[in-house]
Amino acid sequence: MSSKQTFSELISKITSDLGWSDFGPKIKIERPSRREHGDFSSNVAMVLSKSLGKPPREVAQIVVDEINKLGMEHLDRAEIAGPGFVNVHLNTSWLQDVLQEVVLAGQSTWATDDLGQGEKVQIEFVSANPTGPIHVGNGWWAAYGDSLARILSRCGWKVSKEYYVNDTGGQIRRLGESLIARKMGEIPSEDGYQGAYVTELANHYQGPMEISEAGRFAAEKILDGIKDTLRRIGVEFDSWYSQASIEEGGAVQETIDTLRASGLVYDQEGAVWLASSTLGDNRDRVLVKSNGDVTYTGGDLAYHRDKFLIRGFERVIDIFGADHHGQVATLKAGVKALEIDPDKLEIKLGQMISLVGGAMSKRSGNFVSLDSLLDDIGPDAMRLMSLINSIDQATVLDIDLVKKTTSENPVYYVQYAHARISSINRKADSQGIERISLDEVDFSLLTHDGELELLRILEEFPDILREAANERVPFKITTWVRKLAGQFHSFYHDFKVISPDLDPQLVQARLYLVEATRIGLGVGLDLLGVGAPEEM
RNA sequence: GCGCUCGUAGCUCAACGGAUAGAGCAUCUGACUUCGGAUCAGAGGGUUGGGGGUUCGAAUCCCUCCGAGCGCGCCA
């Protein structure tokens, strides 16, 4: 059990022993941001002060007395601070436990969790229309979705990653028209696709001068390109789900039949409508047009029914660009109509990525492709940069600046820390230094704050991971990795690991300290999908 | 007009209802004859968009105003 849990349970025991109220959610255990406030802190006294009719500091005194009476492993002292915080200071021996735990568990099992309890979750992301290469914004949300999948997997969810391929409808027709136009040496119409890639495709097109055939050809080729691009940043999908297969397989009709039976569908002016306004949407939506075509909404609803009711996902996370947030209420209303708990459908909206030079538009062909950015800065830098901030934050990207600051990009900072550790290990090997077994190392030799701080940071990680999983916020992993790397660089500057001038016992302890750090960086970088190089 | 998201240092962004609002970049000043200087140490920089409210305590929750992005199709 971690020291944090030990402390948490101690506080819980004290409050129940004293017959105070339940250990409710308002009572929290925190890691104070200031060292002088101890290793762990609780607000228990302030929360209970009112119901007990005593001032917070007086309540805190009672708790502190109880802690001193009951004791706690590694406890140095408990004290009251500020408005009534109960702070505990631990002996550094608790950090020695942390070190051994990390090394013993190793990269594959340290900081794993069963938070998800095997829940089957599908994460759908990117799903960009196959009408052109994916752009930088798609790449950012792809990195988010993929990293979230890695995080949830590590925390005990059964994750499946899916890309919904929008291979039907008017846009594919327009794509076909544009290709034919280029083939005939003409310029595509204004609402067609004008990008150079269409001309490129036209040069390779051998099929008949027929719109649907040309559209299918182009979409297929473009999708192949999208797959290649995503592979460059390490994003692999478990399934590519075709919208055409939904529409052709009768799923839409089944969905409509079900809804009609519950009275949530009606016919008007030759079209089939969903009464979504009764379910939280701001208007009703057409599912089937009067010409018999299925609308996007109709297909999307059948698709989500398929996810939950046919394929049996217990939870679905859709990641959309913020420009699609108009779909949220409709989709929520739709699943509700199908008697699926709308809370099981989570829709994360990635805020827009805009460019200093102007907006990104596929139709005009005036946009920065993810490929070109990758050519400039490489996949690791791209992934880390996209995972630095919350996706709730709209981002303005200055491509020129990104290229220019490549050498001072945060990715190198973190990877360099990992490479330096690998370098230390190589040196130890080349000098023939044998590692003694873990239980024979005297970790009490690690006494400097620069050493212990590494362990304090490592100790936080399991909680950070849970938070990243629960709140769907991969960027917290990024923040943590950067913090650990920063502390390592500082340590590296101040302390030698291998030196004939050092006590061989201390060398052993530091080699393990550095190994624990390497494991931490390795786990964090892996969750972000960023490489952990041994040399740079 | 209605809805969603957001507004924090010069810039890009953190902050689980908690203690003196923190990082990176940029700026300025410094640092190894050593395991990789793609590094380290320090400094300056804030009325958390404005105004009310809730409470022991608000950047955070509620109301209102201001500002920004996006959406409001029988497009996808």
Side-chain angles (χ1 to χ4, degrees), chain A residues 26 28-34 36-37 41 43 45-47 49-50 55-56 81-85 87 129 131 166 168-172 174 191 243 268-273 281-283 285-300 321-330 349 351-352 354 385 388-390 392-398 401 405-417 419-428 430-431 463-464 467 470-471 475-476 479 482-483 486 488-499 501 510 514 535-536:
Chain A
K26 289 195 73 175
K28 286 181 180 163
I29 307 298
E30 314 179 321
R31 294 181 181 77
S33 44
R34 291 174 187 281
E36 62 266 29
H37 293 149
S41 161
N43 62 349
M46 289 175 290
V47 173
S49 148
K50 196 166 200 180
F85 287 99
N87 297 339
N129 297 339
T131 52
N166 222 310
T168 179
Q171 53 174 352
I172 300 296
R174 274 197 298 276
D191 61 349
Q243 181 178 354
Q268 187 178 308
E269 292 168 11
V272 179
W273 292 73
D281 201 354
N282 50 19
R283 50 167 299 189
R285 304 285 171 177
V286 173
L287 299 178
V288 183
K289 303 182 205 173
S290 50
N291 68 4
D293 286 352
V294 173
T295 62
Y296 177 83
T297 303
D300 207 22
D323 52 338
H324 290 91
H325 81 249
Q327 293 169 35
V328 175
T330 305
L349 296 174
Q351 291 301 309
M352 304 309 288
S354 51
M385 285 191 62
I388 277 181
N389 296 329
S390 157
D392 295 335
Q393 196 72 42
T395 299
V396 180
L397 203 56
D398 185 332
L401 200 66
T405 59
T406 287
S407 63
E408 49 209 56
N409 190 295
V411 75
Y412 298 100
Y413 185 82
V414 177
Q415 291 186 320
Y416 186 46
R420 273 180 150 176
I421 294 174
S422 303
S423 174
I424 292 171
N425 286 334
R426 282 195 296 273
K427 174 156 179 164
S430 75
Q431 293 192 359
D463 280 350
I464 301 273
E467 193 181 339
N470 271 330
E471 296 171 21
F475 83 90
K476 300 219 169 179
T479 304
R482 296 175 74 189
K483 186 175 168 187
F488 174 76
H489 285 307
S490 174
F491 162 83
Y492 182 89
H493 185 264
D494 291 344
F495 302 97
K496 293 285 290 183
V497 175
I498 296 166
S499 166
D501 304 331
R510 284 191 180 156
V514 152
E535 50 190 39
M536 306 200 43

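Residue numbering restarts at 1 for every chain, and letters A, B, ... go by the order of the sequence lines.
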Partner nucleotide, any strand, of rC28(B) [Watson-Crick/G-U, under 3.5 Å]: rG42(B)
Between Arg285(A) and Thr297(A): side-chain donor-acceptor atoms closer than 3.5 Å: no
Watson-Crick or G-U wobble partner of rG1(B), both distances under 3.5 Å: rC72(B)
Separation of rU60(B) P from Glu471(A) CD (nearest whole Å): 18 Å
Side-chain N or O of Ser490(A) closer than 4.0 Å to phosphate OP1/OP2 of rA41(B): yes
P spacing across the pair rG22(B) / rG42(B), given as an integer number of angstrom: 15 Å
Short N-O contact, Arg31(A) and Asp463(A), less than 4.0 angstrom: yes
Rounded distance (Å) that lies between atom C1' of rG18(B) and atom CE of Met46(A): 6 Å
Residue met sooner reading RNA chain B from 5', once Asn389(A) and Gly82(A) are mapped to nucleotides: Asn389(A)
Lys50(A) vs rC56(B): side-chain N/O to OP1/OP2 distance below 4.0 Å: yes
Below 4.0 Å: OP1/OP2 of rC75(B) and any side-chain N or O of Lys289(A): yes
Counter-base of rG7(B), judged by Watson-Crick or G-U geometry with both distances under 3.5 Å: rC66(B)
Touch class at under 4.0 angstrom, heavy-atom based, for Gln431(A) against every strand present: nothing
Atom C1', compared across rA19(B) and rG36(B): separation rounded to whole Å: 41 Å
rC74(B) OP1/OP2 closer than 4.0 Å to side-chain N/O of Thr295(A): no
Distance, rounded to the nearest Å, where Glu30(A) contributes CD and rA19(B) contributes C1': 9 Å
Separation of the C1' atoms in rG57(B) and rG17(B), to the nearest angstrom: 8 Å
Residue whose nearest RNA chain B nucleotide is more 5′ - Phe491(A) or Asn43(A): Asn43(A)
Phe491(A) side, atom CZ; Phe488(A) side, atom CZ - distance, nearest 0.5 Å: 6.5 Å
rU48(B) to rU29(B) separation - P atoms, rounded to the nearest Å: 31 Å
Distance test, side-chain N/O of Arg31(A) to OP1/OP2 of rG18(B), below 4.0 Å: no
Steps toward side chain to side chain contact (heavy atoms under 4.5 Å, CB included) verdict (Arg510(A), Ile498(A)): CA-CA 8 Å; Arg510(A) 284 191 180 156; Ile498(A) 296 166; over 6 Å; no
Distance below 4.0 Å between Lys476(A) side-chain N/O and rA15(B) OP1 or OP2: yes
Phe85(A) ring over rA19(B) six-membered base ring, under 5.5 Å and 30°: yes
Whole angstrom value for the distance that separates P of rU34(B) from NZ of Lys496(A): 9 Å
Pairing nucleotide - rG37(B), Watson-Crick or G-U, each distance under 3.5 Å: none
Pairwise P distance, rC28(B) and rC35(B) [rounded to whole Å]: 31 Å
Euclidean distance for C1', rG49(B) against rG7(B) (whole angstrom): 6 Å
d(CG, Asn282(A); C1', rG73(B)) in whole Å: 12 Å
Between P of rC4(B) and CG of Leu349(A), the distance in whole Å: 12 Å
Distance (rounded to the nearest 0.5 Å) between Gln327(A) CD and Asp281(A) CG: 11.0 Å
Under 3.5 Å donor-acceptor pair, Ser33(A) side-chain atoms to rA15(B) base atoms: no
Separation between the P atoms of rG50(B) and rA9(B), rounded to whole Å: 11 Å
Distance-only donor-acceptor test, Arg420(A) side-chain atoms vs rU39(B) base atoms, 3.5 Å: no
Gln171(A) side, atom CD; Asn166(A) side, atom CG - distance, nearest 0.5 Å: 4.5 Å
Phosphate contact (rG22(B) OP1 or OP2) by Arg34(A) side-chain N/O below 4.0 Å: yes
Pairwise distance CG(Asn425(A)) to OG(Ser430(A)) - rounded to 0.5 angstrom: 11.0 Å
Gap in Å between the two P atoms, one belonging to rA26(B) and one to rA41(B), rounded: 16 Å
Complement of rA58(B), any strand, by Watson-Crick or G-U distances under 3.5 angstrom: none
Watson-Crick or G-U counterpart of rC13(B), or none if no pair lies under 3.5 Å: rG22(B)
Donor-acceptor pair under 3.5 Å, Asp494(A) side chain vs rA31(B) base: no
Rounded interatomic separation in angstrom, taking NZ from Lys28(A) and P from rG57(B): 17 Å
Pair of N/O donor and acceptor under 3.5 Å linking rG3(B) base with His325(A) side chain: yes
Side-chain N,O (Tyr413(A)) to OP1/OP2 (rC40(B)) below 4.0 Å: yes
